[in-house]
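Down below is the structure, laid out as structure tokens.
Note that the coordinates shown come from a computational prediction; the quantities given were computed from them, not determined experimentally. We name chains A, B, ... by the order of the sequence lines, and we start the count at 1 in each one.
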Number of protein chains: 2
Amino acid sequence: MNPLPALAPASADATCNPAGTPALDAAQAKEQASIFKALADPNRLRLLSIIKAAPAGTVCVCDLTDPLNLTQPTVSHHLKVLLDAGLLQREKRGIWAYFSLTPGALDHIAGSLARL
Amino acid sequence: MNPLPALAPASADATCNPAGTPALDAAQAKEQASIFKALADPNRLRLLSIIKAAPAGTVCVCDLTDPLNLTQPTVSHHLKVLLDAGLLQREKRGIWAYFSLTPGALDHIAGSLARL
DNA sequence: GCCCGACATTGATGTGCATCGATACACCAT
DNA sequence: ATGGTGTATCGATGCACATCAATGTCGGGC
């Protein structure tokens, strides 16, 4: 369970880009696109924002359905998308599931943007 | 024709986030999501990468269809999406259309990510 | 004038995704 | 065990999008 497995190999081999091959090959592009796809939804951005702004840094699912005005299955779906993208971490405490930002994930994405 | 009209109002009013309202309201989230939606496609990421890596900083459309292995209408569609998102600029020289990165656009997105 | 090449737009098609209701699962209390 | 509550998963539905072929538009050369 490495953190951010999909973000790692973005800057491995630095080719000198010989005027015909694109700087980003198809595999790298697909990986990065999947990350941005996770961010390409208003409700998921709001989820990230709420979790980031939380005092303890962790938020229970039951506190996320009301501010977004979505049903519980929909919120759970979005959280899973962000989880699979490596942006969130889940910690189960008893009945409740607490979500927190993966440390450095947003910074990592910002870096890969600048390194396009 | 302002550059990056959809990116501007991200950090206007800084509320103190009173424990119920999300840090990102629905309108801001929708705007930012539309930007990430433009980035959430492998071929569009490759287009940006190719244009950024080009020596002159500008690339003709005819040089973009081959490396992506897509038809010309599809490439034109993707370029329009990036154009509408404020990420690219178009300059027509005679018959040809040259595309270049909007200066600071990627940095702006990276900043808004960190400011979520 | 006419034709040709570069690019944009349109229409159609298949696929993917956001959302919901219903249901299943996990955990605690009694 | 039995009931109840918080989450996750499933199936279905409607919409958005990526892609292409065909067509339209603009500009240059003959």
Side-chain angles (χ1 to χ4, degrees), chain A residues 22 24 26 29-48 50-51 54 58-85 87-100, chain B residues 1 6 22 24 26-27 29-48 50-51 54 56 58-85 87-100:
Chain A
L24 225 59
K30 193 174 175 184
E31 279 180 9
Q32 299 211 11
S34 71
I35 305 286
F36 288 119
K37 225 172 281 198
L39 293 170
D41 182 277
N43 290 318
R44 284 199 286 270
L45 288 178
R46 297 181 82 185
L47 284 174
L48 288 175
I50 294 174
I51 294 174
T58 67
V59 178
C60 177
V61 178
C62 56
D63 293 331
L64 291 172
T65 63
D66 278 13
L68 291 194
N69 210 24
L70 292 177
T71 63
Q72 176 267 325
T74 303
V75 172
S76 195
H77 161 70
H78 285 312
L79 288 171
K80 178 172 172 44
V81 172
L82 293 171
L83 203 67
D84 291 345
L87 294 167
L88 289 184
Q89 291 177 330
R90 174 166 51 187
E91 178 195 0
K92 286 210 80 171
R93 280 206 287 259
I95 300 291
W96 296 274
Y98 288 88
F99 284 84
S100 57
Chain B
M1 295 283 186
L24 225 60
K30 193 174 175 184
E31 279 180 9
Q32 299 211 12
S34 70
I35 305 288
F36 288 118
K37 224 170 283 198
L39 292 170
D41 183 277
N43 290 317
R44 283 200 286 269
L45 287 178
R46 297 181 81 184
L47 284 174
L48 288 176
I50 294 173
I51 294 175
T58 67
V59 178
C60 175
V61 177
C62 56
D63 292 332
L64 291 172
T65 63
D66 276 13
L68 291 194
N69 209 24
L70 293 176
T71 62
Q72 176 267 325
T74 302
V75 172
S76 196
H77 161 70
H78 285 312
L79 289 172
K80 178 172 172 45
V81 172
L82 293 171
L83 204 66
D84 292 345
L87 293 168
L88 289 184
Q89 292 178 329
R90 174 166 51 188
E91 178 194 0
K92 285 212 81 170
R93 279 206 287 260
I95 301 291
W96 297 275
Y98 287 87
F99 285 83
S100 57

Candidates dA18(D), dA18(C), dT9(C) - which lies nearest the side chain of Asp41(B):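 Shortest atom-to-atom distance from the side chain points to dA18(D).
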Selected nucleotide, minimal atom distance to Ser76(A) side chain, candidates dT19(D), dC20(C), dT9(D):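 Per side-chain heavy atoms of Ser76(A), the pick is dT9(D).
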Between [X] and [N], is there a side-chain N or O to OP1/OP2 distance below 4.0 Å?
X	N	answer
Thr74(A)	dT19(C)	no
Thr71(A)	dC20(C)	yes
Arg90(A)	dA8(D)	yes
His77(B)	dT9(C)	no

Arg90(B) NZ/CZ over Phe99(B) ring centroid, <6.0 Å and within 45° of normal: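 Arg90(B) over Phe99(B) ring: no.
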Expressed as a whole number of angstroms, how long is the span from [X]:[atom1] to [N]:[atom2]?
X	N	atom1	atom2	answer
Trp96(A)	dA8(D)	CH2	P	14 Å
Asp84(B)	dA18(D)	CG	C1'	16 Å
Leu70(A)	dT7(D)	CG	P	15 Å
Leu64(A)	dA8(D)	CG	P	10 Å
Arg93(A)	dA26(C)	CZ	P	21 Å
Lys92(B)	dG5(C)	NZ	P	16 Å
His78(A)	dT9(D)	NE2	C1'	15 Å
Leu79(B)	dA6(C)	CG	P	16 Å

Distance in Å, Gln89(A) CD paired with Thr58(A) OG1, rounded so as to fall on 0.5 Å steps: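 It is 11.0 Å, given to the nearest 0.5 Å.
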Euclidean distance, Leu79(B) CG relative to Thr74(B) OG1, rounded to 0.5 Å: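 Between Thr74(B) OG1 and Leu79(B) CG, I get 11.0 Å after rounding to 0.5 Å.
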Check: Ala38(A) main-chain N/O paired with Arg44(A) side-chain donor or acceptor under 3.5 Å: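 Side chain of Arg44(A) to backbone of Ala38(A), a donor-acceptor pair under 3.5 Å: yes, one is there.
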Side chain to side chain, Leu68(B) and Leu47(B), heavy atoms closer than 4.5 Å: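 Yes, at least one pair of side-chain atoms sits under 4.5 Å.
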Donor/acceptor link under 3.5 angstrom from Gln72(A) side chain onto base of dA8(D):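 When only heavy-atom distances are counted, Gln72(A) does reach the base of dA8(D) through a donor-acceptor pair under 3.5 Å.
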Sugar-phosphate only, base, or nothing, as touched by Lys80(A) at under 4.0 Å among non-hydrogen atoms: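 If one applies the 4.0 Å heavy-atom cut-off, Lys80(A) turns out to touch the sugar-phosphate alone, with no base involved.
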Sugar-phosphate only, base, or nothing, as touched by Phe99(B) at under 4.0 Å among non-hydrogen atoms: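 Sugar-phosphate: the residue Phe99(B), judged by heavy atoms under 4.0 Å, touches backbone atoms but no base.
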Asn43(A) or Asp63(B), whichever maps to the more 5' nucleotide of DNA chain C: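 Result: Asp63(B).
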Contact nearer the 5' end of DNA chain C, comparing Ile95(A) with Cys62(B):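 Counting from the 5' end, the first nearest nucleotide belongs to Cys62(B).
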